[in-house]
Structure formats: structure tokens, C-alpha cells
Amino acid sequence: QVQLVESGGGSVQAGGSLRLSCAASGFPHSINSMAWFRQAPGKEREGVAQIYTDGGPAYSADSVKGRFTISQDNASDTVYLQMNSLEPEDTATYYCAATRLGGTGRFLFPDAYWYWGQGTQVTVSS
């Protein structure tokens, strides 16, 4: 069983930056893909960024491309989401997720992920 713990959320003004962290524990080597999703009130959960933790590629959603960057620290089994140029539309609860996937394709839909963190709130004011 893999446990995921997110941190780093908060409130920021438009144009600001935040960095989210997701620490994996339990059996982190049973997974090879981690991702960030977000969900705003009344909206569906949306994939934001994905990274293959075994050295494969990283992907991001078009809505955050050029502003958000996903990265990892294998030594601590932690994945980060650096969020720059934040906009009010980025306000949501952000969730870390993990799974094991075959291949190296882009999988930014929730059903592909087995494990989820508890979520961290990001609020961007105009």
C-alpha cells in the first residue's frame, strides 16, 4: 500500500508562485507514474501534470503548459509541482496520485490512478 502526503498549498495573489510537494511511502517502488490533479467546486477532477518516476517522460495539461513544472527527487520519493504565474482559474484542491503504467504514454485521467493523497488547497486571488 502506497501512502501519499501533499503539502505546500496556500493562498497567493495572481501572478505569484507556489510549490506543492507529494511524499510517497509504503511501497513506492510498486509505482512508476505520479501525477497531480485538481478539482474546483462544481467541476470534474482535472489532470494537471504527470511524471514517470522510473526515468520516463513528463507531461502537462495544455491549461498549465509553460507555467507549471512537475519534477521528482528519487532519493526522497517526492514529486513536486512548481506553479508560476498563477491565475484565479488555478484555484482548486490539488491532489497527488500514483499508479503503475505500461509504456510511457500520457495518462492524465483519474481512473488510471490507484493511490491518492488527501489534497491541498490552492487559492489564487485577483
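Being a predicted model, the structure only gives us computed values, none of them experimental.
When hydrophobic clusters are built by joining Ile, Leu, Val, Met, Phe, Trp and Tyr residues whose side-chain heavy atoms come closer than 4.5 Å, directly or via intermediates, Y80 is not grouped with F68. Under a hydrophobic clustering in which Ile, Leu, Val, Met, Phe, Trp and Tyr are joined whenever their side-chain heavy atoms come within less than 4.5 Å, directly or via other members, L4 and L108 fall into different clusters.
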**Request:** Start with the C-alpha gap between N32 and T53, add the side-chain angles, then the distance that decides, and say whether side-chain hydrogen bond (donor to acceptor under 3.5 Å, both in side chains) holds.
**Result:** CA-CA 5 Å; N32 71 340; T53 57; 5.9 Å; no

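With respect to Y94, the side chain to side chain contact (heavy atoms under 4.5 Å, CB included) criterion is satisfied by exactly one of E6, R38, Q39: R38.
Chaining together hydrophobic side chains whose heavy atoms lie under 4.5 Å apart places Y95 alongside F37, Y52, Y59, L101, F107, F109, Y113, W116.
Side chains of S33 and Q50: a donor on one and an acceptor on the other come within 3.5 Å. Under the 3.5 Å distance criterion, with hydrogens and angles disregarded, a donor-acceptor pair is assigned to the side chains of S63 and E46.
The disulfide (SG to SG under 2.5 Å) analysis of residues 16-122, with sequence neighbours excluded, yields the pairs C22-C96.
Put simply, the side chain of T69 does not reach to within 4.5 Å of the side chain of L81, judged on heavy atoms. Residues T91 and V122 fail the side-chain proximity criterion, which asks for heavy atoms closer than 4.5 Å.
Using a distance-only test at 3.5 Å, with no hydrogens or angles considered, a donor-acceptor pair links the side chain of T120 to the main chain of G9. Checked by atom type and distance alone, the side chain of T93 never pairs as donor or acceptor with a backbone atom of G119 at under 3.5 Å.
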